[in-house]
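Take a look at the structure set out below.
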Amino acid sequence: MISYFPEIYEDELVYSWFARYFAHSGYPCYVNALEDIFIKRNCAADIEFIGPINQEAKRIIESICTMDKLIFEHTMFPQYARFLDLDRQKIATESLIGGGGDPYNLLSIPTSSSTRVVRYCPLCAQEDREKYGETYFHRSHLIRGIMTCTKHKCKLRNTKVEISKCRSPRLHVPEDVIPTTTFCDDDISASEAQQRFDEYLMQCFYLEFRFLQSESVGMFISSKLDGTRYLSSGGRKKHVALLYEDILKFFGDNVPQGIQELYHLQKILTGYNTNFLWVCQLAYFLDISPQDLCTPETWDDSIAKSKWSKPLPKARNYSTRTGKTKENWITIDKEMAPLVKKIAKDIYEGGGGRPRRVTQNIVEKTMKWPNKRIDCLPLCKKIILEYYESFEDYWARECVWAYNFLKTERGQKIIVWKDLRELINLRKENFQKCIPYLIKHTDHKTIQELEGLING
Ligand SMILES: [Zn+2]
């Protein structure tokens, strides 16, 4: 039974708060504390979120801090929800505040191959101990990509507490985990460039949480390519590969789990991914202020002015079928056909990146339409059918694109099969199948070179 719960400190993780509850409770084992707090005794405490707490604990917790304050100010929620689509933002917020949702299903939490651990700043720990008699885990030290404490300008240090999706059931008490070592010169070796980017990440994390409006963060960032060398003068073509190379050069190896592949960038720009760190890197590189990036109310303006794209028609709600007469559909079809034509072309050509196969599904997703919407729009459907290509044909086209990309854009002199496979994820057997189609997309010399890859 919970008799006393400590107060929660500013910017403290809920996990840290629960661990301090265990430390203060005098229980011999953390399992007793878990039993008090969670629905089941074998529930894992969650470092970045809250975990399934029981009714009694919820009642006591809410008398100290409301659930929405807890989610927004004491978990890593803003990092994973800030740039999600509006629908998902709303569902995630409601479910997590209600206490019933699993954040790993509701939010988009990137999985990383390397192990992440809880970090701390030696000077923050020292200050906490002077002020409160104990230290705690700060949210600001767990933001992905951040390397320094922006308050003290010193490098963050690692604890041994792992943050993983297979959550450990243990409650690691901060006071036990964070050593009382003193500050040393090693702690201040972060570069100024690193500190500036960390400051940017901090601001994007802490600015007031806003629900997205109609457009995706990818569209907003794309609109900021205007006037840069990453957009052709007519505004029709994005030079994503060039942008990618420049971003890699700009950040170097300094951002763990940052943008590391061309497709990371493509996914952000097309709105298929909203990874907080990647979005921040891209926006920082393009000189977009944290305020602009985190105020979706102002995005429409920038998108409307952009050469790159006319925004999708708003306000007119084409997302439901109810009440639409045949005449309505004919009008919608006529109105939408030019846009579908442009989108299909962009998908086919890949906008400077990997070309894609034009399908009804992908066009509907890009238009943010429900499935099978295009079945009601004959003109739009006809446009998509004009782009029809078999998989073999598409693979052939993709292979030729990849080969040329490696040769010219990356300037590789020697290309091996692995390079091609890594770029387009094509299996050898599928490559064999697409050989007869290569002639539609390139010359005999290139075909010979491509065939040489698989034999060599
Ligand atoms: Zn600090």
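All ligand and atom numbering here is 1-based and tracks the order in the structure.
- Residue contacts to the Zn ion (ligand 1): C124 brings an N, O or S atom closer than 2.8 Å.
- The aromatic rings of F77 and F209 are tilted relative to each other, their planes meeting at an angle between 30° and 60°.
- Electrostatic pairing of R20 and E12 counts as a salt bridge here, judged by a charged N lying under 4.0 Å from a carboxylate O.
- The ring-ring contact (aromatic ring centres under 6.0 Å, His included) test with Y200 is passed by exactly one of Y284, F285, Y206: Y284.
- The Zn ion (ligand 1) has no N, O or S atom of C154 under 2.8 Å away, backbone or side chain.
- Within H152, the N, O or S atom lying nearest to the Zn ion (ligand 1) carries the name ND1.
- Salt bridge annotation for R229-D246: present, with a cationic side-chain nitrogen under 4.0 angstrom from a carboxylate oxygen.
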